[in-house]
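Some notes on the structure that comes next.
Chain letters run A, B, ... following the sequence lines, proteins first, then strands; residues in each count from 1.
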Protein chains: 2
Amino acid sequence: MSPRTTNQVKKIREERIEEIMNSALEVFAENGYLSSSISKVAQHAGISKGLLYNYFKSKDELVKEIIVKGLNSLIKDVKLHENITISEDQFVFFVHRSFKSIQSNLKFWKLYYNLIMQPPVLALIADDIWQYVMPFMNILINYYTKKGVENPEAEARALIAMLDGVGLDYISDPKNFPINEVEKIIIKKFK
Amino acid sequence: MSPRTTNQVKKIREERIEEIMNSALEVFAENGYLSSSISKVAQHAGISKGLLYNYFKSKDELVKEIIVKGLNSLIKDVKLHENITISEDQFVFFVHRSFKSIQSNLKFWKLYYNLIMQPPVLALIADDIWQYVMPFMNILINYYTKKGVENPEAEARALIAMLDGVGLDYISDPKNFPINEVEKIIIKKFK
DNA sequence: TATTTTTGACCGTCCGTTCAGTCGAAAAAA
DNA sequence: TTTTTTCGACTGAACGGACGGTCAAAAATA
């Protein structure tokens, strides 16, 4: 038998993994992924570099797990995963939740935009992101088709670009960006 | 006296600087600034690393000059530098020119977005960017004020976010992004 | 020849990753 | 109860490689 029960070991591992991922998100978001060293992450988590590699097999895998976790939690938040057609109320709710997510997960989004703008790093997560964006696109195209707009696909791409732009500008200067007013304007223009 | 006339020297220097900046833009845009080595840039320009340092005193200075040059040429393109109040036609022209710029200076914009998403690098160029964006903001706020919209500042920020988002999405996938259709939609919604 | 351009080996630094070994908590043996 | 054993969490020095930047010397040019 093992000195520690498997349950004890499991608990320790889960807690450490959580700690490391939180620290990594903080460090990566603040300094950018490429400019953050593993030493800094380990230091922030209060552990040694070696231990970090006991839980994550590389820096790339670590950041990938952070992104996947964040995207999954976003999907839960906006609650669009089951429907394919949505009402105008649901559309407004979706946009609203997206705005809320940007505000309450600021660090995650800083990291997200940092990663997608770095070609070699983007390759790590591009597939995950597309798998996540595609269903949204389809729901939006469906929504605009039913509304009878001239070019539903372009309208959907425009909205997603709009949300991307808001994210970009908000994370660059959260204090001064009038995010609530901008939300109203967008809902008025795009619903 | 010098073995070359001062004019010859000047011409050579200007040509080399041009070559280096073009090569650097290409390499930086493709791989991202931090992931691009000076050796790669020199190789692409067909010169040695040492010679590059004869013309630019550091990697940071090189990228900074590329950005300043690009921003200046954009200002010329959209022709908004002299007016403070603009007509609806001028507004449409401004948006149109912005879209054209994204398409014809794809590499520049890839580099631009790559840089602003990297905190330590952004610090190099943040001031230049703000000096450039501020006049635009004021012109837009002025435009929307005259139009009598509810919240001119938020409207202006929304439009700029919209343009940022289009830039972001377009550079990520230029082949498939329906940029002309999106332009029409934006002009309709924001003019 | 006189001068400038150009080269590329070299330097110091940093960083991701590894690994031989330590330590402590709990199970097993006494 | 006390001692011994076991196993996995944990450490940090060390490694290999890459990169920004330098400089002495070579090549090129008027």
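Here the C1' atom of nucleotide dC19(C) and the CG atom of L52(A) are 16 Å apart, to the nearest Å. As rounded to whole Å, 15 Å separates atom P of dT18(C) from atom CG of L51(A). One atom, CZ of F56(A), and another, P of dA9(D), lie 13 Å apart when rounded to the nearest Å. Atom P of nucleotide dC15(C) and atom CD of Q43(A) are separated by 12 Å, given to the nearest angstrom. Rounded to an integer number of Å, the gap from NZ of K40(B) to C1' of dG20(D) is 15 Å. Atom NZ in K11(A) sits roughly 17 Å away from atom C1' in dG8(D) (whole-Å rounding). Rounded to an integer number of Å, the gap from I12(A) CD1 to dC10(D) C1' is 11 Å. For I47(A) and dT11(D), the CD1 to P distance is 7 Å, given to the nearest whole Å.
When all heavy atoms of R97(A) and D77(A) are compared, the closest pair comes out as NH1-O, 2.8 Å.
Distances shown here put every side-chain N or O of Y55(A) at or beyond 4.0 Å from the OP1 or OP2 atom of dA9(D). Contact between the side-chain N/O atoms of R13(B) and the OP1/OP2 oxygens of dT4(C) is not found at any separation under 4.0 Å. Look at R16(B) and you'll find a side-chain N or O under 4.0 angstrom from OP1 or OP2 of dT6(C).
Side-chain atoms of N54(A) lie closest to dC10(D) of the nucleotides dC19(D), dC10(D), dG16(C). Of the candidate nucleotides dG16(C), dG20(D), dT6(C), dG20(D) has the atom nearest to the side chain of Y53(B). Residue I38(A) has its side chain nearest to dG16(C) when only dG16(C), dC19(D), dC10(D) are considered. Nearest nucleotide to the S37(B) side chain, out of dT7(C), dC19(D), dA9(D): dC19(D). Considering only side-chain atoms of K59(A), the nucleotide from dG21(D), dG8(D), dG16(C) that sits closest is dG16(C). For Q8(A), counting side-chain heavy atoms from C-beta on, the closest listed nucleotide (dA26(C), dT6(C), dT11(D)) is dA26(C).
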Show me, pair by pair, the donor-acceptor contacts under 3.5 angstrom made by side chains of residues 160-175 of chain A, not counting sequence neighbours?
from	atom 1	to	atom 2	distance (Å)
S172(A)	OG	L168(A)	O	2.7
D173(A)	OD1	N176(A)	ND2	3.2
D173(A)	OD2	N176(A)	ND2	3.1

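Near DNA chain C, defined here as any heavy-atom distance below 4.0 Å, there are no residues from residues 24-34 of chain B.
Rounded to the nearest 0.5 Å, atoms CD1 (I139(A)) and CZ (F94(A)) are 8.0 Å apart. To the nearest 0.5 Å, atoms CG (N31(A)) and NZ (K110(A)) are separated by 10.5 Å. To the nearest 0.5 Å, atoms CZ (F108(A)) and CD1 (I102(A)) are separated by 11.0 Å. Note: Y112(B) OH to M117(B) CE = 8.5 Å, rounded to the nearest 0.5 Å.
Residue-level contact check: S35(A) touches neither bases nor backbone, having no heavy atom under 4.0 Å from any strand.
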Nucleotide N/O of nucleotides 9-11 of chain C paired with protein N/O under 3.5 Å:
none

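Annotation: side chain to side chain donor-acceptor pair (under 3.5 Å) contacts of E150(A) (sequence neighbours excluded): none. In terms of the ring pair (Phe, Tyr, Trp, His ring centres under 6.0 Å) criterion, F99(A) has no residue partners (sequence neighbours excluded). For F177(A), there are no ring pair (Phe, Tyr, Trp, His ring centres under 6.0 Å) partners at least two apart in sequence or on another chain.
The side-chain tip of K59(A) points at the ring of Y33(A) from less than 6.0 angstrom away and within 45° of straight on.
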